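These notes are about the structure you will find just below.
Source: prediction; values computed, not measured. Throughout, protein chains are lettered first and strands after them, A, B, ... in sequence-line order, and every chain is numbered starting at 1. As a basis for the values below, the full set of heavy atoms in this structure was taken, side chains included, without hydrogen atoms, waters or symmetry mates.
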2 protein chains.
Amino acid sequence: MPTIEDVARLAAVSTSTVSYALSGKRPISAATRRRIEAAVAELGYRPHAGAKALASARSEVIGLMVPMRAGIDVAVIMQFAGGVVLRAREHAHDVLLLTQDDLEGLERVTDGAMVDALVVMDVEADDARVPILRRSKQPAVLIGLPRLAAGLSCIDLDFEAAGRLAALELASLGHRDIALVGSPPEVHERHTSYAERVTRGFLTGAAEAGVAARAVACPATPNDVDDVVDRLLADAPGLTGLFVHNERALPHVLHRLREHRRSVPRDLSVIALCPEETALSQQVALTSIDLPAHTIGSLAVDMVMARLTDSGYPAETRLLAPTLTTRASTRAPGGH
Amino acid sequence: MPTIEDVARLAAVSTSTVSYALSGKRPISAATRRRIEAAVAELGYRPHAGAKALASARSEVIGLMVPMRAGIDVAVIMQFAGGVVLRAREHAHDVLLLTQDDLEGLERVTDGAMVDALVVMDVEADDARVPILRRSKQPAVLIGLPRLAAGLSCIDLDFEAAGRLAALELASLGHRDIALVGSPPEVHERHTSYAERVTRGFLTGAAEAGVAARAVACPATPNDVDDVVDRLLADAPGLTGLFVHNERALPHVLHRLREHRRSVPRDLSVIALCPEETALSQQVALTSIDLPAHTIGSLAVDMVMARLTDSGYPAETRLLAPTLTTRASTRAPGGH
DNA sequence: CTGAAAGCGCTAACAC
DNA sequence: GTGTTAGCGCTTTCAG
């Protein structure tokens, strides 16, 4: 592989001129720049990433921690990751992939200067990564809200508002008895914050609107979903509105309702909290609150880059307002 | 951050001794090693990745190209990626994430020595990455089969054998008229090799067994799936066996069959080609040929590491034999 | 079994 | 607008 020195020689300039021409960090005459570009092209020169990182104290890589355990909502994860990678490339950065639980890996890449910044997904209330991130010199942004976010940037959908929005929407359609089919028990047990926030928002919204509401956790396997739905219908015979925040359970919930001869939306209105694609690929096009995972991933990168570029840039918490799109799964109760 | 020099000073040895103690590349006396370990622990020393890469010409990172375009089978992708990341860590390597279509990124990371090796997923017949990989100095392993694999390692499920296995299984149960519901049209258009291989295997197997067979491509959206199923049932009124290789369409296929009052497995036997988890999370537990994506990811890393460790290690193509697990969705035709 | 020292390829003062 | 050069932190000969 050619080095910067080869380029310099061929262009008949010094290595520093090549370096500056490539980085744009100081003005270079048009003629010189042209010769350098020609030399670069002719040799097929690429800067050595390690050498660059060593000399500049910047790796131009951002770390991304993604949950890989089974039972995770894969579609959402992929959208986050896609948003992160695409946006990182637009900022001329690469992405190093770490798994959620790899705490030692987190320390390795931060202390070893492999990454300039971090994006971590699926944050829990008392996330073990938070203290590590706090003491690392790299900026980080969390997707999700830990209990103590001080000093760290966070971004997420405003899940509490989303829960509330769903409850109010159902109430305003005239439903008086509604329920939330929420995240799997494991997610609650981990105190992943979105699960609790959705629940709180939903129940609060229902209370405000004066309608009866309940919230249940829901595993993802077909049989377990059936049980949850069966129990719900038994416990709340007057139920007419459902809010589902559980992508894996969603198809099974809809299926079980059909087996109970409860037609959507005639007998039961359903709102889902999921990516648009998911809402559209069910049997009935679902009224949904969008989970804009791709956008959140992109914004997370923007936030982290802002802090990288401008070291005075403050940490911030951003909660995206939920938006509801009405489709074919909701209407007023009582056969219209 | 402490450097190797700080460690050396504290342990009262030279930097080279620290380096060798850490790498194990030459024998170190027990006493010296102990002092070095103590110093490392006390200082919280972590080698600087860039410096290491520069001096050793090894980044200890492997690149992973994953498809992020919409319409991809996300669950399978995540399993591959999970297998790759976990196994890479076991080989003390990190993973750099690249998107499928980022050819310029591929050249950047190989020529810039960001990665020591590459794993690329979802290979097409005339994949544009193949020539780039061939001329890069890093070993690569492809998940999938390009037309010309010479010099590159490949690994994949033996999709042709899988297709054949499904046809023979259905035939041996007594089905005389069977069909393959295959990948979406886009996948065929890209000439992603597994799609063609499954088809060929399925039709060949059916011919061998002397049963009627047809193969159709299948989009993933509910309505399109309905159309495909409708047409299939109209064209082949005597159809009693179905082989589905399309994870996203799978639930909709099953749903549409139900709407046609075709009970599985009473009226129609169904075999799926998908990860076990998917087969188990349908309404009926499906007889399936496993797509061991996690295992393939792990093996891909093993293969690439073998070539990294031992530069004489030859390129090879590995096709994993398919295995079929009988569950509740298959039986002999004709109401038993 | 251990040390000294020469780079690895690039950046960023510091010169002019 | 351009050149010189001293590192960045590590690995790895070469010496002992």
Side-chain angles (χ1 to χ4, degrees), chain A residues 1-37 39-40 43-61 92 108-116 137, chain B residues 1-37 39-40 43-61 92 94 108-116 137 308:
Chain A
M1 285 285 97
T3 70
I4 199 172
E5 209 160 339
D6 299 321
V7 175
R9 197 174 311 123
L10 184 55
V13 293
S14 71
T15 61
S16 64
T17 300
V18 175
S19 176
Y20 285 119
L22 262 32
S23 71
K25 288 190 183 166
R26 83 182 184 189
I28 302 287
S29 74
T32 305
R33 153 161 291 125
R34 220 179 336 274
R35 290 208 316 284
I36 291 175
E37 280 164 3
V40 165
L43 298 173
Y45 167 74
R46 304 263 179 190
H48 185 289
K52 201 166 169 174
L54 179 56
S56 68
R58 281 221 177 295
S59 63
E60 296 184 353
V61 172
R108 184 166 36 77
V109 301
T110 53
D111 294 349
M114 291 202 81
V115 304
D116 294 340
K137 60 187 85 320
Chain B
M1 286 285 98
T3 71
I4 198 172
E5 209 161 337
D6 299 321
V7 175
R9 198 173 311 124
L10 184 56
V13 293
S14 71
T15 60
S16 64
T17 300
V18 175
S19 176
Y20 284 118
L22 262 32
S23 70
K25 287 188 182 167
R26 82 183 184 188
I28 302 287
S29 74
T32 305
R33 151 161 292 124
R34 218 180 337 276
R35 290 210 315 284
I36 290 174
E37 280 164 2
V40 165
L43 298 173
Y45 167 73
R46 302 262 179 192
H48 184 290
K52 202 166 169 174
L54 178 57
S56 67
R58 280 217 176 299
S59 63
E60 296 183 355
V61 172
D94 278 293
R108 183 165 36 78
V109 301
T110 54
D111 294 349
M114 291 202 80
V115 304
D116 294 340
K137 60 187 83 325
L308 212 46

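Between B:Val18 and A:Thr15, the residue whose closest nucleotide on DNA chain D is further toward the 5' end is A:Thr15. Across the interface with DNA chain C, nearest-nucleotide mapping of B:Pro27 and A:Tyr20 shows B:Pro27 to be the residue nearer the 5′ end. In this structure, B:Ala55 and A:Ala55 both approach DNA chain C, and ranking their closest nucleotides by distance from the 5' end singles out B:Ala55.
Here OG of B:Ser19 is found 8.5 Å from NZ of B:Lys52. Values are rounded to the nearest 0.5 Å. Atom CD of residue A:Glu5 and atom OG of residue A:Ser14 lie 10.5 Å apart, to the nearest 0.5 angstrom. Atom CZ in B:Arg9 sits 7.0 Å away from atom OG1 in B:Thr3 (nearest 0.5 Å).
The base of D:dG3 sits within donor-acceptor range of the side chain of A:Arg26, with an N or O pair under 3.5 Å. One cannot find a donor-acceptor pair under 3.5 Å joining the base of D:dG1 and the side-chain atoms of A:Arg35. You'll find a donor-acceptor pair under 3.5 Å spanning the side chain of A:Ser16 and the base of D:dG3, going by distance alone.
One interatomic measurement links the two molecules: CD1 of B:Ile4 to C1' of D:dG9, which rounds to 8 Å at whole-angstrom precision. Distance B:Arg9 CZ to C:dG3 P: 14 Å, rounded to the nearest Å. Here D:dG9 presents its P atom at 10 Å from OH of B:Tyr45, a figure rounded to the nearest Å. The separation between B:Leu22 atom CG and D:dT11 atom P is 8 Å, rounded to whole Å. Atom CZ of A:Arg33 and atom C1' of D:dT2 are 13 Å apart (whole Å). Atom CD1 of A:Ile28 and atom P of C:dT11 are 13 Å apart (whole Å). B:Ile36 places its CD1 atom 10 Å from the C1' atom of C:dT2, with the value rounded to the nearest Å. Remark: C1' of D:dT11 and NE2 of A:His48 are 13 Å apart, rounded to the nearest angstrom.
Counting only heavy atoms from C-beta on, A:Thr3 has its side chain closest to C:dG9 among C:dA12, C:dG9, D:dG9. Among C:dA12, C:dG9, D:dT2, the nucleotide with an atom closest to any side-chain atom of A:Leu54 is C:dG9.
Evaluated for a side-chain contact (heavy atoms from CB on, under 4.5 Å) with A:Tyr45, the options A:Ile36, A:Ile4, A:Asp6 yield exactly one hit, A:Ile4.
Put simply, B:Lys52 has no side-chain N or O that comes within less than 4.0 Å of OP1 or OP2 on D:dG9. Checking the phosphate oxygens (OP1, OP2) of D:dG3, a side-chain nitrogen or oxygen of A:Ser14 falls inside 4.0 Å. Contact annotation: A:Thr32 side-chain N/O to D:dT2 OP1/OP2 distance is under 4.0 Å. The phosphate of C:dT11 has neither OP1 nor OP2 within less than 4.0 Å of any side-chain N or O from A:Lys25.
Using a 4.0 Å heavy-atom distance criterion, B:Ser29 is classed as a sugar-phosphate-only contact.
Between the side chain of B:Thr15 and the backbone N or O of B:Ala8 there is no donor-acceptor pair closer than 3.5 Å. Within the 3.5 Å criterion, the main-chain N or O of B:Glu60 finds a donor-acceptor partner in the side chain of B:Asp116.
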